[in-house]
Amino acid sequence: MTPKDRIDKLRAELHQHNYNYYVLNTPEISDKVFDDLMRKLQDMEEQYPEYKDESSPTMRVGSDLNKNFTQVTHRYPMLSLANTYSEQEVIDFYDRARKALNEDFEICCELKYDGTSISLIYENGRLTRAVTRGDGEKGDDVTDNVKTIRSIPLILHGNNYPASFEIRGEILMPWKVFEKLNKEKESREEPLFANPRNAASGTLKLQNSAIVASRKLDAYLYYLLGENLPCNGHYENLQEAAKWGFKVPPTMRKCQTLSEVFEYIKFWDIERKNLPVATDGIVLKVNNLIQQRNLGFTAKSPRWAIAYKFQAERALTRLDKVTYQVGRTGTVTPVANLEPVQLSGTVVKRASLHNADIIEGLDLHIGDMVYVEKGGEIIPKITGVDFSARSFMLGEKVKFVTVCPECYSKLIRYEGEAAHYCPNETACPPQIKGKIEHFISRRAMNIDGLGPETVDLFFKIGLIKNTADLYALKTDDIKGLDRMGEKSATNIIKGIENSKEVPFDRVIFALGIRFVGETVAKKLSKSFANIDELRNADYERLIQIDEIGGRIAQSILAYFSNESNQILVERLKDAGLQFSRSEEDLNSYTNKLAGLSIVISGVFMHHSRDEYKELIEKNGGKNVGSISSKTSFILAGDNMGPAKLEKAQKLGVRVVTEEEFLSMIS
């Protein structure tokens, strides 16, 4: 047997033993025998470096060489799921799917694991890339770190898998590993990890893969994507993936009825506490892939899936005082300062009180014993008061402040809104700093080297008073400041210069217009060729844009009518930011549907509803939700509702098939 044959044989044996131990949980050899085989392979690979293989079991040991992470664009965006906390919302989700599909469907129920999301790319049976969720569109390449996770196969079993595919899942730190790690950190007097999710996320982003390997992370895979999947069912595809060597949760179940769904939820709400890893809910998915495609997506999440979150853990503690925070849009948020209490694996000292109505409804007094929960097991909030614990020593009643705690401007409250605002947006320090921090953030201008601490420093010493001031900074202005060497200063100036290439939609988002998030910013960038068109648009023009209602339109008008904002935008334009759509983007739009109002109804074969909405917009048309005499035509798929068809016939509105529509815009 040649050296290469012996190496290949050892690799195959170790891959199989690794799978038996970490995926099947049925080891066939002792740890010592496994370690002996691994050392033998390492020795042979050192002796014969010409047979190096990136998929060798020895790659799981990791390396102590530091590597920076590169950003990778996801082929399929990694969207988040809509959350629900009640059985009625589960019923509503089920009824919406049934109404939209107008046919029978199955629901696949899965546990929602509380870790950090990962996307794994396989080419010809080998792991080639692992990417974090990031912002949903781009993530960090963490392939070297993921290779150290022994439950993730480097080479697949069998040969009936697609040549190229993606599988997604959750990387987790088991409870036992988490507790041991925190004990070690405690003995070294280091800060503890708050929970296993934070520990897993932090570990995955370490630049030393040898340390990652020592942390013994685990992974559960739950979503298969690609062009040539073996089955038309989500559940069935994952059962096939399990045969290829993936650790697919054995807790998945296909349900035919709502009662079966609720049985699953009820069982795991209790039984999950016996699992080796953290969970925080149940994920419900329409199982059939064609039905998923027809249901489509909202701007942020799929319509064919929902996350049911388990009821939050509750603790009782004392309210010591209430303070107030001012956000970048001027929102004033009351914060309860509490006697520290343990809750869902973390120590809670502060909790949001949201707004004045919440405070009044709770009838809060300083010194009250209050019930604290984690909303979605993430953000602590006060949900009630133990009135039986009140005594004669009770402090004063909590009343919402009337002036800004930072600049002392009189607060305002808009009709129909719960929040109070500080109107002094151009001179209130937290608002100014908040706008700058938002502007430089990763999802906005993504300026490397700048963070909240640096912004705070620059603001305090008067270097910057708004976002436009960033583009006037020079290396000599900042080098020599606290913890700011010439290299750091050069990197910041370079990051500011590079931000001038950020596309139009992210520049709109970076401006920090109230109610204009990433999705709305993208809608605006597709509807206006440049910033001048946007700021000159009137109310009627704005509300014609899909997903933009009166509140958002009024906020945009208010922003551009402010003289300080007008000056700011002009300065940013002069600095060279991308305040118009690129030529390539402009060329992808046509006027084939200009002036037409189109209603979409039914289920489709070639594209999802969301894709058809985008095609209508790209060709100059307008999406409308209901049929009227002003409707130009209905784009109708299968199972169009009889009521809509009857109304269309009554009003004389034309019904266009999927094929006819595609021909119109071809």
Side-chain angles (χ1 to χ4, degrees), residues 77 137 293 296-299 502-509 511 513 516-550 552-553 556-557 560 569 573 577-637 640 644 647-648 651-666:
E137 292 187 2
R293 190 174 70 183
F297 298 81
T298 67
V502 167
F504 184 35
D505 63 301
R506 281 171 52 193
V507 177
I508 295 173
F509 174 59
L511 292 176
I513 304 169
V516 176
E518 290 174 87
T519 302
V520 171
K522 286 179 180 177
K523 295 282 184 183
L524 291 170
S525 72
K526 289 178 179 178
S527 302
F528 299 99
N530 54 55
I531 195 69
D532 294 326
E533 280 190 16
L534 172 58
R535 64 180 172 184
N536 292 326
D538 59 17
Y539 179 83
E540 291 301 322
R541 173 71 180 90
L542 288 168
I543 62 171
Q544 287 178 1
I545 300 167
D546 187 34
E547 293 190 31
I548 293 183
I552 297 175
I556 294 168
L557 293 172
F560 286 111
V569 169
K573 279 178 67 179
L577 273 65
Q578 301 294 318
F579 272 114
S580 59
R581 292 212 308 261
S582 66
E583 285 297 320
E584 182 183 353
D585 189 31
L586 286 168
N587 291 337
S588 68
Y589 285 74
T590 79
N591 291 317
K592 292 178 181 179
L593 303 175
L596 301 182
S597 297
I598 302 162
V599 172
I600 298 177
S601 181
V603 292
F604 301 92
M605 286 298 296
H606 301 298
H607 297 280
S608 68
R609 283 171 176 250
D610 290 334
E611 288 168 341
Y612 276 122
K613 281 186 177 181
E614 188 170 347
L615 284 170
I616 288 169
E617 288 177 359
K618 277 197 166 187
N619 287 278
K622 178 185 175 185
N623 289 287
V624 290
S626 57
I627 301 169
S628 70
S629 58
K630 295 181 180 179
T631 303
S632 304
F633 65 83
I634 299 170
L635 170 55
M640 178 182 170
K644 279 189 176 178
K647 188 172 184 180
L651 294 173
V653 176
R654 186 161 60 111
V655 176
V656 173
T657 67
E658 192 173 8
E659 285 72 18
E660 288 172 333
F661 176 79
L662 291 172
S663 178
M664 288 169 66
I665 64 169
S666 63

Q: Could you give the distance from CG (Leu542) to CD1 (Ile552), rounded to the nearest 0.5 Å?
A: 10.0 Å
Q: For residues Lys573 and Phe579, report the shortest heavy-atom separation together with the two atoms involved.
A: CG-CD1, 3.3 Å
Q: Would you indicate whether the side-chain heavy atoms of Phe504 and Leu577 approach each other to under 4.5 Å?
A: no
Q: Could you note down all residue pairs passing salt bridge (charged side-chain N to carboxylate O under 4.0 Å, His left out) where residues 653-666 supplies at least one of them, sequence neighbours left out?
A: none
Q: Tell me, do Ile513 and Val520 make a side-chain contact under 4.5 Å, heavy atoms counted?
A: no
Q: Could you list the residues that satisfy side chain to side chain contact (heavy atoms under 4.5 Å, CB included) with Ser580, not counting sequence neighbours?
A: Asn530
Q: Is a side-chain donor or acceptor of Lys526 paired with a backbone partner of Ala521 at a separation under 3.5 angstrom?
A: no
Q: For Asn623, give me all partners under side chain to side chain contact (heavy atoms under 4.5 Å, CB included), at least two apart in sequence or on another chain.
A: Ile600, Lys613, Ile616, Glu617
Q: Taking the side chain as C-beta and beyond, is there a heavy-atom pair between Phe661 and His607 under 4.5 Å?
A: no
Q: Taking side chain to side chain donor-acceptor pair (under 3.5 Å) as the definition, give me every residue that meets it alongside Lys522, ordered by chain and number, with sequence neighbours left out.
A: Glu137
Q: With a 4.5 Å heavy-atom cut-off, do Leu635 and Val599 have their side chains touching?
A: no
Q: Just do the side-chain contact (heavy atoms from CB on, under 4.5 Å) check on Lys622 and Ile598 with the steps written out, would you?
A: CA-CA 6 Å; Lys622 178 185 175 185; Ile598 302 162; over 6 Å; no
Q: Identify the heavy atoms of Ile543 and Ala553 that sit nearest to each other, and give their distance.
A: CG2-CB, 3.8 Å
Q: Of the non-hydrogen atoms in Ile634 and Ala648, which two are nearest, and what is the gap between them?
A: CD1-CB, 3.4 Å
Q: Please tell me if the side chains of Thr590 and Ile665 come closer than 4.5 Å, counting only heavy atoms from C-beta onward.
A: no
Q: My understanding is that only residues two or more places apart in sequence, or in another chain, count here; which of them pass side chain to side chain contact (heavy atoms under 4.5 Å, CB included) with Arg506?
A: Asn446, Val502, Pro503
Q: For Phe604, enumerate each residue passing the ring-ring contact (aromatic ring centres under 6.0 Å, His included) test, keeping only those at least two apart in sequence or located in another chain.
A: Tyr612
Q: Listing request: all salt bridge (charged side-chain N to carboxylate O under 4.0 Å, His left out) pairs with a residue in residues 535-544, at least two apart in sequence or in separate chains.
A: Asp532-Arg535, Arg535-Glu570
Q: Heavy atoms only: give me the nearest Ser632-Gly595 pair and the separation to one decimal.
A: OG-O, 4.3 Å
Q: Could you pull out all residues at least two apart from Thr298 that satisfy side chain to side chain donor-acceptor pair (under 3.5 Å)?
A: Ser301
Q: List the residues meeting side chain to side chain donor-acceptor pair (under 3.5 Å) with Glu614, not counting sequence neighbours, and say none if there are none.
A: none
Q: Going by heavy atoms in the side chains, are Tyr539 and Leu557 under 4.5 Å from each other?
A: yes
Q: Output the distance between atom OG (Ser628) and atom NZ (Lys647), rounded to the nearest 0.5 Å.
A: 7.0 Å
Q: Please give me the minimum heavy-atom distance between Ser626 and Thr631, naming the atom from each residue.
A: O-OG1, 3.8 Å
Q: For the side chain to side chain contact (heavy atoms under 4.5 Å, CB included) test, which of Asn536, Ile508, Ile545 pairs with Phe528?
A: Ile545
Q: Just wondering, do Met640 and Ser601 contact through their side chains at under 4.5 Å, heavy atoms?
A: yes
Q: What residues form a side chain to side chain donor-acceptor pair (under 3.5 Å) with Ser582, not counting sequence neighbours?
A: none
Q: Look up atom CG in Leu596 and atom CG in Leu593, then write down how far apart they are to the nearest 0.5 Å.
A: 5.5 Å
Q: Would you call Asn591 and Asn619 a side-chain contact if the rule is heavy atoms closer than 4.5 Å?
A: no
Q: Between Ser525 and Arg581, what is the shortest heavy-atom contact and its length?
A: O-CD, 2.7 Å
